[in-house]
A.B. asks: 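Mind looking over this structure? Questions follow.
Side-chain atoms are counted along with the backbone in the values below, which use heavy atoms only and exclude waters and symmetry mates. Letters A, B, ... mirror the listed sequences (proteins, then strands); counts begin at 1.
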Protein chains: 2
Amino acid sequence: MFSKATEYALRATIYIAQKSSDKNKPGMAEIAKAIDSPQSFTAKILQLLTKNNKIVSSVRGPNGGFFLTDKAKKLPVRSILEAMGEDEVLEKCVLGLKQCSEAKPCPMHTNYKLIKGQLIDLFETKSIQSLADEFENGGAKLNNRIK
Amino acid sequence: MFSKATEYALRATIYIAQKSSDKNKPGMAEIAKAIDSPQSFTAKILQLLTKNNKIVSSVRGPNGGFFLTDKAKKLPVRSILEAMGEDEVLEKCVLGLKQCSEAKPCPMHTNYKLIKGQLIDLFETKSIQSLADEFENGGAKLNNRIK
DNA sequence: ATAATTAAGGATAAATTTGTCCTTAATTAT
DNA sequence: ATAATTAAGGACAAATTTATCCTTAATTAT
Ligand code: FES
Ligand code: FES
């Protein structure tokens, strides 16, 4: 559904939201390990999410790392997709027509639009914070390594 | 959601299902034009769908082209995804965990699984034939060029 | 001030996806 | 039989995505 980059972005952001505090900000090594992603690549992705302080914030130097402001935690998950330039996935025609519309619907449209609506609603309603709460609190995981 | 290749595969198959008959089998040029796809690339994709006569059938030579057997028309849309090796998209974890499971759910799982179920149901229930019926009959389109 | 730590950023490489072109093989019409 | 038509298939090219590595800049601890 999403690119690897966006999957890493989602997992990393949720991890940071849950783990960061004033005292403790996870660094790249910790994050990549926790979400089971390639470290250098994930670093690039966090750079994107940090640019203009869109979603993720960071501090350099010893005890530095990544964190989310309270404001950022309240953002809908969709804002991560937007920062990754991949939120059009939610709006796309499932058969790849240039527009998904009632005016010129594809043969799947009538059935798919119901699902699409729920998908959009999910990503717009769920906040980053609420996903962070699911993580560990609700027993949700951000990797599924055996150990 | 799907790769371009799979989008072309879906559109092309639906088009062929609707347009082909004993007397008339659309060729590559016609298909690519109708579904607004790059011809040579689409040809490769139809080769995949034709291999082992999985979904699409073909005849070479004058008045040759592509068609679907009645049996093929009754296949679920998901079988096209399978032929393209891309049906795992339906089963995947939305955050990219290696497994989507109740045992080790990601933070989106509880909400997403409801949508996922509908998505799987849609692709397993809808037949290629029923989509072909939507096309032109039901006013559905396989491209949205202005003209 | 200095050294240590950590993210930012640039350059580059590998892998995959998307796409084109040309030749070959099969089939049909004449 | 021959020529025309059309899909099959191989080789290759372009574009995009994924990934690594190394240097630079900022910050902190000493
Ligand atoms: S037009 Fe294809 S899903 Fe809406
Ligand atoms: S585990 Fe992520 S969607 Fe099921």
Side-chain angles (χ1 to χ4, degrees), chain A residues 1-13 15-16 19-20 22-33 35-68 83-86 88-89 96, chain B residues 1-13 15-16 19-20 22-33 35-68 83-86 88-89 96:
Chain A
M1 164 150 278
F2 301 118
S3 66
K4 298 256 190 204
T6 293
E7 289 174 353
Y8 300 152
L10 290 163
R11 301 215 298 275
T13 304
Y15 182 81
I16 296 164
K19 292 294 184 183
S20 66
D22 284 350
K23 296 283 164 199
N24 198 323
K25 304 185 203 330
M28 272 316 309
E30 177 186 341
I31 295 166
K33 194 175 179 189
I35 70 169
D36 215 6
S37 69
Q39 178 169 336
S40 295
F41 188 44
T42 308
K44 287 277 181 256
I45 291 159
L46 286 183
Q47 278 177 40
L48 277 179
L49 296 177
T50 305
K51 275 272 179 61
N52 309 115
N53 248 335
K54 295 164 102 72
I55 314 276
V56 175
S57 308
S58 66
V59 284
R60 296 199 259 201
N63 301 314
F66 297 88
F67 65 100
L68 264 74
M84 295 299 294
E86 204 167 342
E88 81 290 346
V89 173
Chain B
M1 164 149 281
F2 301 118
S3 65
K4 299 258 189 203
T6 293
E7 289 174 353
Y8 300 152
L10 290 163
R11 302 216 298 275
T13 304
Y15 181 82
I16 296 165
K19 291 293 182 185
S20 66
D22 285 350
K23 295 284 164 200
N24 197 323
K25 304 184 206 327
M28 272 317 310
E30 176 185 342
I31 295 166
K33 196 175 178 189
I35 70 168
D36 215 6
S37 69
Q39 178 169 337
S40 295
F41 189 43
T42 309
K44 288 276 182 253
I45 291 159
L46 286 182
Q47 278 176 38
L48 277 179
L49 296 177
T50 305
K51 275 274 180 59
N52 311 116
N53 249 335
K54 294 164 102 74
I55 314 275
V56 175
S57 308
S58 67
V59 284
R60 295 198 258 199
N63 302 315
F66 297 87
F67 65 100
L68 264 74
M84 295 298 295
E86 206 168 341
E88 82 290 344
V89 173

A.B. asks: Quick one: list whatever passes side-chain hydrogen bond (donor to acceptor under 3.5 Å, both in side chains) with A:Tyr15, sequence neighbours left out.
C.D. replies: A:Glu30

A.B. asks: Checking B:Glu7 now: which residues fulfil salt bridge (charged side-chain N to carboxylate O under 4.0 Å, His left out) with it, not counting sequence neighbours?
C.D. replies: A:Lys92

A.B. asks: Go through the structure and list residues passing ring-ring contact (aromatic ring centres under 6.0 Å, His included) with A:Phe2, not counting sequence neighbours.
C.D. replies: A:Phe123

A.B. asks: Who passes side-chain contact (heavy atoms from CB on, under 4.5 Å) against B:Gln47, sequence neighbours left out?
C.D. replies: B:Lys44

A.B. asks: Residues in ring-ring contact (aromatic ring centres under 6.0 Å, His included) with A:Phe66, at least two apart?
C.D. replies: none

A.B. asks: Would you check if there is a donor-acceptor pair between the side chains of A:Thr50 and A:Ser58 at a distance under 3.5 Å?
C.D. replies: no

A.B. asks: Quick one: list whatever passes side-chain hydrogen bond (donor to acceptor under 3.5 Å, both in side chains) with B:Ser40, sequence neighbours left out.
C.D. replies: none

A.B. asks: Taking side-chain hydrogen bond (donor to acceptor under 3.5 Å, both in side chains) as the definition, give me every residue that meets it alongside A:Ser20, ordered by chain and number, with sequence neighbours left out.
C.D. replies: none

A.B. asks: Based on Watson-Crick and G-U pairs with both distances under 3.5 Å, what dot-bracket line describes DNA chain D 5' to 3', crossing pairs as [ ] and inter-strand pairs as |?
C.D. replies: ||||||||||||||||||||||||||||||

A.B. asks: Whole-Å distance between C:dT27 C1' and B:Phe67 CZ?
C.D. replies: 13 Å

A.B. asks: Provide a list of protein-nucleic acid N or O atom pairs under 3.5 angstrom, restricted to nucleotides 15-18 of chain C.
C.D. replies:
{"from": "C:dT18", "atom 1": "OP1", "to": "B:Lys4", "atom 2": "N", "distance (Å)": "3.1"}

A.B. asks: With sequence neighbours excluded, what pairs up with A:Glu86 under the side-chain hydrogen bond (donor to acceptor under 3.5 Å, both in side chains) test?
C.D. replies: A:Ser3, A:Thr6

A.B. asks: In chain order, what residues pass the side-chain contact (heavy atoms from CB on, under 4.5 Å) check against A:Ala83, with sequence neighbours excluded?
C.D. replies: A:Leu49, A:Lys54, A:Ile55

A.B. asks: In B/S/- notation, 5' to 3', how is nucleotides 1-12 of chain D contacted by protein heavy atoms closer than 4.0 Å?
C.D. replies: ---BBBBBBBB-

